[in-house]
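Before any comments, here is the structure.
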Amino acid sequence: MTEEKSLNFIEEIVESDLASGKYKNIVTRFPPEPNGYLHIGHAKSITLNFSLAKKYGGYTNLRFDDTNPVTEDIEYVDSIKDDIRWLGFEWKQELYASDYFDQLFQFALKLIKEGYAYVDDSTSEEIATMKGTPTQPGVNSPFRSRSVEENISLFTQMKDGKFKDGEKVLRAKIDMSHTNMLMRDPVIYRIKHAHHHRTGNQWCIYPMYDFAHGQSDSIENITHSICTLEFVPHRELYDWLIQKLEIFPSHQYEFARLNMTYTVMSKRKLLQLVNEKIVAGWDDPRMSTISGFRRRGYTPESIHLFCEKIGVARRENLIDIGLLEFCLREHLNKIALRKMVVLDPVKLIITNYPEGQSETLTSEDLHGENSPIRNIPFSRELWIEQEDFLEEPDKKWFRLAPGKMVRLKSAYIIQCDKVEKDNTGKVTEIHCSYIPNSKSGNDQSGLHVKGTIHWVSVQHAIDIEVRLYDRLFTIEDPANAEGDFKDYINPNSLKVKTAKAEPSLANSHIDDRYQFIRKGYFCLDSDAKPQSPVFNLSVSLKDTFAKKK
Ligand code: ATP
Ligand code: MG
């Protein structure tokens, strides 16, 4: 039996609601505004909403919160659906708040008829001034006492396009001295002569967030409407509107949003990075978007593990991005195919290996049992990493140096005899001899060498482009730092190199995951062409997170 995990606070609420019979069926929704690509914070919300409904036998709707015509786009709708599916979740219904515009208009009329809403001609500045402050009550608008008939007539004219943007708004009539500022007659409809990506020019009035979100929840019989903490003050209005409209009693619950070090996580900021070409697009592998992580080589499993580890709480915090990287390593260590790639090559010649000869060595592709075996060609001339050779090493050096022995991974033990240099003193060739009876798997040499280095055969190597990524920001919390968050962009977040790779990498597939041994985890990039492979560094091998803890 697996260990029973303790419930998070939302699961506790759901279990008590089911036990008391308050709801028979759990229905949740994920409500993105289609004004950008989803980021890793959304993954937390998606995982929470979908897993919760699934655990309790209910379902989850995908509802596009598309009540703001100006910033929304079909490209975003498609990318959002892609990302959710990639994470492994399937929604019950695909819905759009804009499908409820008629219904929402009727709801507004109902409020007007019952004396709970009025048309206000004040400008937005006047409304703001009349609102008061948290310590001072607001004052009633001169238009607050309009008759129901006049309000119906004006609201209908607003809908019919009789007024310009900003000329009038519809406000809920609650209490201008309420302690919660959001309850001081909030605006619930505004005029906006704008084309909407789904309803076209049919509407020129659009509901505000607070008059769309809860109402949409209610229309869909959402039982637990889960959102982030900044909506706590909205809950009172959410409840008030549902109560006055006498519609399905959805309830709102708030949890702490995900904040992560070295990352910005607001679509507005991510859009700036895209528009100002600081990154190559929404799916740039340095972005905190789900599509960026996917292109970088993240797996859905690694993101699930991350969401499980961060849990669901009601207090804001800043999660170490090292935890996400740790979760990726956990998964890639199990699935990544081991390959040999030399990033900074220097030539090594095995002088006692016959010219023109080559042989095929074998190596395990995966870590652990039952690994597939791959062939690796070996010959007289090899590429090794420059950093694996030192001319004047200290005592602790176990890699290659004049007179020293190392094992070539999956191949032979070699000894360094001499080096050739160019006229700047740079080592251009390392001359070695190999021990013929020291072959890996059948070593009869009796020699013990401490160091093992990787290599590729010069004659068989393929050139690949590798993109080495570092953090996009130089400080932990760029979003909350002084000045503009773009002041903290790391100018060295991308390094591009041409590397020498073993030939089996020529047949890479975009879904394959690799460990370039001793170098890091890599995956094929979407920029790759059949004759010019491009690989992204997904994450380094070293775990900086565990060490810090
Ligand atoms: P952003 O501020 O990044 O633009 P948003 O909240 O405006 O995000 P929406 O599309 O409105 O984005 O969000 C869809 C859902 O995802 C909402 O329920 C929202 O609360 C949730 N969400 C957004 N950001 C995070 C985050 N960082 N952590 C957890 N949930 C989040
Ligand atoms: Mg939003």
Side-chain angles (χ1 to χ4, degrees), residues 8-10 28-53 60-68 70-73 75-81 83-84 87 89 91 94-98 197 208-210 212-214 216-217 220 222 224-235 238 250-275 282 287-293 303 306-319 321 323-324 477-480 485:
N8 67 46
F9 81 94
I10 296 181
T28 61
R29 86 289 171 261
F30 176 64
E33 190 180 344
N35 61 348
Y37 281 57
L38 298 181
H39 52 62
I40 185 79
H42 293 116
K44 177 179 180 181
S45 170
I46 291 167
T47 304
L48 175 59
N49 278 296
F50 281 87
S51 307
L52 189 74
T60 304
N61 285 341
L62 169 59
R63 183 202 317 141
F64 290 100
D65 212 337
D66 59 347
T67 53
N68 182 1
V70 186
T71 54
E72 295 160 3
D73 198 279
E75 176 197 350
Y76 299 136
V77 169
D78 292 339
S79 77
I80 288 168
K81 293 200 288 185
D83 287 347
I84 300 173
L87 283 172
F89 297 110
W91 49 91
E94 176 183 333
L95 301 162
Y96 293 81
S98 58
H197 75 109
M208 302 299 285
Y209 171 86
D210 285 311
H213 201 90
S216 304
D217 284 343
E220 295 171 23
I222 302 300
H224 298 78
S225 174
I226 304 166
C227 61
T228 40
L229 284 175
E230 62 272 26
F231 290 97
V232 168
H234 295 253
R235 193 196 318 132
Y238 184 105
S250 301
H251 283 282
Q252 175 185 304
Y253 301 93
E254 310 87 12
F255 70 103
R257 65 189 293 115
L258 170 66
N259 304 302
M260 200 164 69
T261 56
Y262 299 101
T263 307
V264 294
M265 230 179 307
S266 111
K267 284 180 278 188
R268 199 174 45 80
K269 293 197 172 77
L270 295 173
L271 181 63
Q272 278 182 55
L273 296 174
V274 173
N275 283 346
W282 283 101
M287 290 280 270
S288 63
T289 52
I290 295 177
S291 52
F293 283 115
I303 292 175
F306 174 69
C307 289
E308 201 177 294
K309 284 190 180 293
I310 57 177
V312 181
R314 261 185 287 209
R315 184 125 55 86
E316 290 268 353
N317 60 359
L318 185 63
I319 301 284
I321 193 172
L323 179 61
L324 180 63
D477 196 3
N480 294 305
F485 76 101

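Below, each value reflects all heavy atoms present in this structure, side chains not excepted, and no hydrogens, waters or symmetry copies. Index from 1, following the sequence. Treat the numbers as computed from the prediction; the structure is a model and nothing was measured. Atoms within a ligand are numbered from 1 in the order they appear, just like the ligands themselves.
With sequence neighbours left out, Y96 forms a ring pair (Phe, Tyr, Trp, His ring centres under 6.0 Å) with F64.
Backbone and side-chain nitrogen or oxygen atoms of L258 are examined, and one is located within less than 3.5 angstrom of a nitrogen or oxygen of ligand 1. For ligand 1, none of its N or O atoms has an N or O atom of A256 under 3.5 Å away. Between N35 and ligand 1, no N or O atom pair is found at a separation short of 3.5 Å. Between R268 and ligand 1, no pair of N/O atoms sits closer than 3.5 Å. Considering backbone and side-chain atoms alike, K267 places an N or O below 3.5 Å from some N or O of ligand 1. For ligand 1, the polar-atom distance check finds an N/O of E33 within less than 3.5 Å of one of the ligand's N/O atoms.
In this structure, a donor-acceptor pair under 3.5 Å is absent between the side chains of Y76 and E33. For the residue pair N49/T60, the side-chain donor-acceptor check at 3.5 Å is not satisfied.
Looking only at side-chain heavy atoms (C-beta outward), S79 and I290 stay at 4.5 Å or farther from each other. A heavy-atom distance below 4.5 Å is not found between the side chains of P32 and H42. Counting heavy atoms from C-beta outward, S45 and T228 have side chains that stay 4.5 Å or more apart.
For ligand 1, the atoms closer than 4.0 angstrom to any heavy atom of S266 are 3 (O). In the vicinity of S45, heavy-atom distances shorter than 4.0 Å reach the ligand 1 atoms 16 (O), 21 (C), 30 (N). For ligand 1, the atoms sitting less than 4.0 Å from at least one non-hydrogen atom of T228 are 20 (O), 29 (C), 30 (N), 31 (C), numbered in the order shown with element in parentheses. Atoms of ligand 1 found under 4.0 Å from any heavy atom of F255, numbered from 1 in the order shown, are 29 (C), 30 (N).
Here H213 and Y209 bring their ring centres to under 6.0 angstrom of each other.
Distances from ligand 1 to the non-hydrogen atoms of F231 include no value under 4.0 Å.
Closest heavy-atom contact between V77 and P34: CG2-CB, 3.7 Å.
The closest non-hydrogen atom to atom 31 (C) of ligand 1, taken over S288, G41, P34, comes from G41.
Residue contacts with ligand 1, taken as heavy atom pairs separated by less than 4.0 Å, involve H39 solely via side-chain atoms from C-beta onward.
Just one residue in the list H251, E254, Q252 forms a side chain to side chain donor-acceptor pair (under 3.5 Å) with R235, and that residue is E254.
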